[in-house]
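All chains are named by letter (A, B, ...) in the order of the sequence lines, taking the proteins before the strands, and each is independently numbered beginning at 1.
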Amino acid sequence: MAYKVLIVDDAMFMRAMIRDILVNSGKYEVVGEAANGEEAIEKYSLVSPDIVTMDIVMPQMDGIEATKEIIKLDPKAKIIMCSALGQEALVIESIAAGAKDFIVKPFSAEKVLKVIDAVVNSHQ
Amino acid sequence: MDLKKYIELYLSEGREHLSNLTKGLKNEENLSGEAISSLFRSAHSLKGMASSMGFEATSKVAHSLEDLLSKWRNGERIETVMVERALRGTDILESLFQAVEKRGSDEGFEEDVSSWLNEKQKSNIPNEPLAKVEDLKREVKEEPLKKVSTIKVEIDPNSSLPAARLLIVFQKIKSFEKDAEIFPTIEEIQSKGLKSAEFYLQENADLNAIGKTVETLPEVINVTVEKKEEEEKGIESSLISYLKIPAKSLDDFLFKITHLIYHLNNLERSLSKEEGKRQKFWIESHRSFLEQLYNGILETRLVPFDSLIERCERCLRDVSNKTGKRVKFTVEGKGEKVDKVLLERLLDPLSHLIRNGVDHGIESKEERKKKGKEEEGKIVLSIKRDGEKLTIAFSDDGRGLDYEAIKANAIKNGLITIERANTLSEREILDLITLPSFSTKKEVSQISGRGVGLDVVKASVESLGGTLEMTSEKGEGTTFYLVFPSAVTLTEVLVFSWKNKTPFAIPTSQVKKLYPLKEYPVEWVKGEKKLRVGDGFIEILNFRLSAVGRDGTAIGLNFPDIEKVFLVEEVFKTEKVVILPFGKPLERVPNLIGGALLSSGDIVFILDGLSFTKNEAEAMNVFKAQ
């Protein structure tokens, strides 16, 4: 049974990359995509994913805000931040806000899967 | 990963962002708020996409633009010369995109890119902002006095965000032990680019399980687990400080909060009844927050009692070795938390008591055998918190005090007359040996089993706002009680007065019931005044009875096994106050817990119901002075 993932990133390009990594592993199914924080919250309620990959810098509402809002809706939400280099402070803020883990661009399929697997299997 | 299939997507989306940047920069006059944010996001996205594709040159240029836009976003002045430079940057990006389109790579423009990047060196390269999360500041605590178990975690040096990774490790460890601490702070780890940290846990934490779980986390390369170290190292060297605050700063905050509470009470009083009702919610919640703040600060100063114990044990070993007496030391209530300042100043009096107890109190092995006691002496240190008081009891099972010998010595030294000596209560006899003029070593160690220092102990305890009491059984042992008021919370007190109107108070926790004398009359029973309650009577404590008329009230005391009341003239109200123990220059007064400031501006003395039920005679003396 594949785990359901919601991919959030304003760059179609990045969403495509992450989608491919997840689908190729055979363990994950992409049930939704969003291009900004607001869409992310809407989609979350619609598709109830097991995991969310969340970009940080996005128009309308950024990833940290969206993380906070989603966790308010569902305190058990498992959100993984996707960050570019030079954003350590924002990543730390996200974790403090409730994100479970993070991955850094550029992505390596191996690292991405390792992190997502760990979060999915943890029972925090 | 095969990146070729993404090239088309990269190019189309990348060019969109580039176009956005170029248009925006060309429109310099309209560069403001949302426009800059949008450009920032474009540069950011470009950076991300380029680095994901391995296009380093593109990524570097985009990163530089992103930094510039970030500065503008934070309010820095937008200089035309910088806008021009940025536009040249977009030109370079266009060339790089074309290269990717033609050749699938952005190589070959190193010189152009370097020289453009170097132009930027004139301005400061911004440091990464530090995480501004208030939550994380909670890690910064007063140094734990107790050495704890340590888990040291190292992160892969190739990790791009080691501080964030260590934070995740920290969250994981906290899910096992919520009081775990991290060293150094996340802020420091981030600013110094550290790749490892230490985590401190309670000694009974399941280190192996936690260690194994942490090992499986991503980017963790090494986990070392260390259990609590030997005491020989000494407490000082095992301390790692997080934050050193002079205790005085906290005192200052506490004092200010007390004033806030006082002002709040005044504010409340000055409102009309209706207004008061309307504002009740806000006033109450205001008060509640002040209390929480007050207690919160006090809690930062609380440390577990057992940090003192190691020092005590060392002192004990020392004396044991010197005197050749074996003593078993037990501690009860070591989990109790005590104010740090108090704890540190307790070391002296306790050390004194330990030395005296072993040296003079506990008999030699032979003597003990003869008496039928176990060869090993016993010393028990116990700490108990009971409402407004903190009681530290120190007892030994040694010789005990010889009251007759003490009395004799006092007479000999001219401290008391023979007649007076015969009327002394146990308490007063013991008081004698704490007089400075009494404790001369030679005589006392032969006679009373106690040596120099009791006056010093008494003085130390009293300087901390406490009292020293003791009981003893000749041949069986002695117990010392160090009793401290805990000026730690807002305590609710009942304010009352006698006929002269000076307000006094008693903690409401000590009051069982109020009996207005009009409904519960005072009657003579067998020569004593008693309070009639229904079919029975309650004993009335004998003091200040003359200062109470027929409209007075009897206050019933709430202690186990004590069924007594005392009479007062007028009962005013209850109020929550901060009880302050008397310090210098006021003398320590027996039977009073401390003083407090009422909202009315009056200073009241807070009675300790328990001690004046036990010491009625003394209570008489106290109140005569009023």
Check your understanding: Considering residues at least two apart in sequence or located in another chain, which fulfil the ring-ring contact (aromatic ring centres under 6.0 Å, His included) criterion with B:Tyr10?
Key -> A:Phe13, B:Phe55, B:Phe97
Counting only heavy atoms closer than 4.5 Å, note whether [X] contacts chain B via side chain, backbone, both or neither.
| X | result |
| --- | --- |
| A:Val104 | side chain |
| A:Ala118 | side chain |
| A:Asp10 | both |
| A:Met58 | backbone |
| A:Ser83 | side chain |

Study note, to complete from the structure: Most contact-rich option vs chain B, by heavy-atom pairs under 4.5 angstrom, among A:Pro59, A:Ser94, A:Ala84, is A:Pro59
Review point. Can you say whether B:Glu219 sits under 4.5 Å from chain A via the side chain, the backbone, both, or neither, judging by heavy atoms?
Key: both
Exercise for review: Can you tell which part of B:Ser51 gets under 4.5 Å to a heavy atom of chain A, answering side chain, backbone, both or neither?
Suggested key: both
Exercise for review: Give a yes or no on this: more than 12 heavy atoms of other residues, nucleotides or ligands lie within 6.0 Å of atom CD of B:Glu107.
Suggested key: no
Review point. In this structure, are over 12 heavy atoms from other groups packed under 6.0 Å from A:Lys114 atom NZ?
Key: yes
Check your understanding: Top residue by heavy-atom pair count (under 4.5 Å) with chain A, among B:Ser59, B:Ala164, B:Gly48?
Key -> B:Ala164
Review point. B:Ser38, B:Gly54, B:Ser159, B:Ser160: which one forms the most heavy-atom pairs within less than 4.5 Å of chain A?
Key: B:Ser160
Only distances under 3.5 Å count here; give the side-chain donor-acceptor pairs of residues 45-55 of chain A to other protein atoms, sequence neighbours excluded, each with its distance to 0.1 Å.
unit_1: A:Ser45; atom_1: OG; unit_2: A:Ile41; atom_2: O; d: 3.2
unit_1: A:Asp50; atom_1: OD2; unit_2: A:Lys4; atom_2: N; d: 2.8
unit_1: A:Asp55; atom_1: OD1; unit_2: A:Lys105; atom_2: NZ; d: 3.4

Point to revise | Axial cation check for A:Phe107 ring with A:Lys111, 6.0 Å and 45° limits | key: no
Check your understanding: Does B:Arg165 make a cation-pi contact with A:Phe102, if we ask for NZ or CZ under 6.0 Å from the ring centre and within 45° of the axis?
Key -> yes
Review point. So, are B:Arg41 and B:Glu34 salt-bridged, with charged N and O less than 4.0 Å apart?
Key: yes
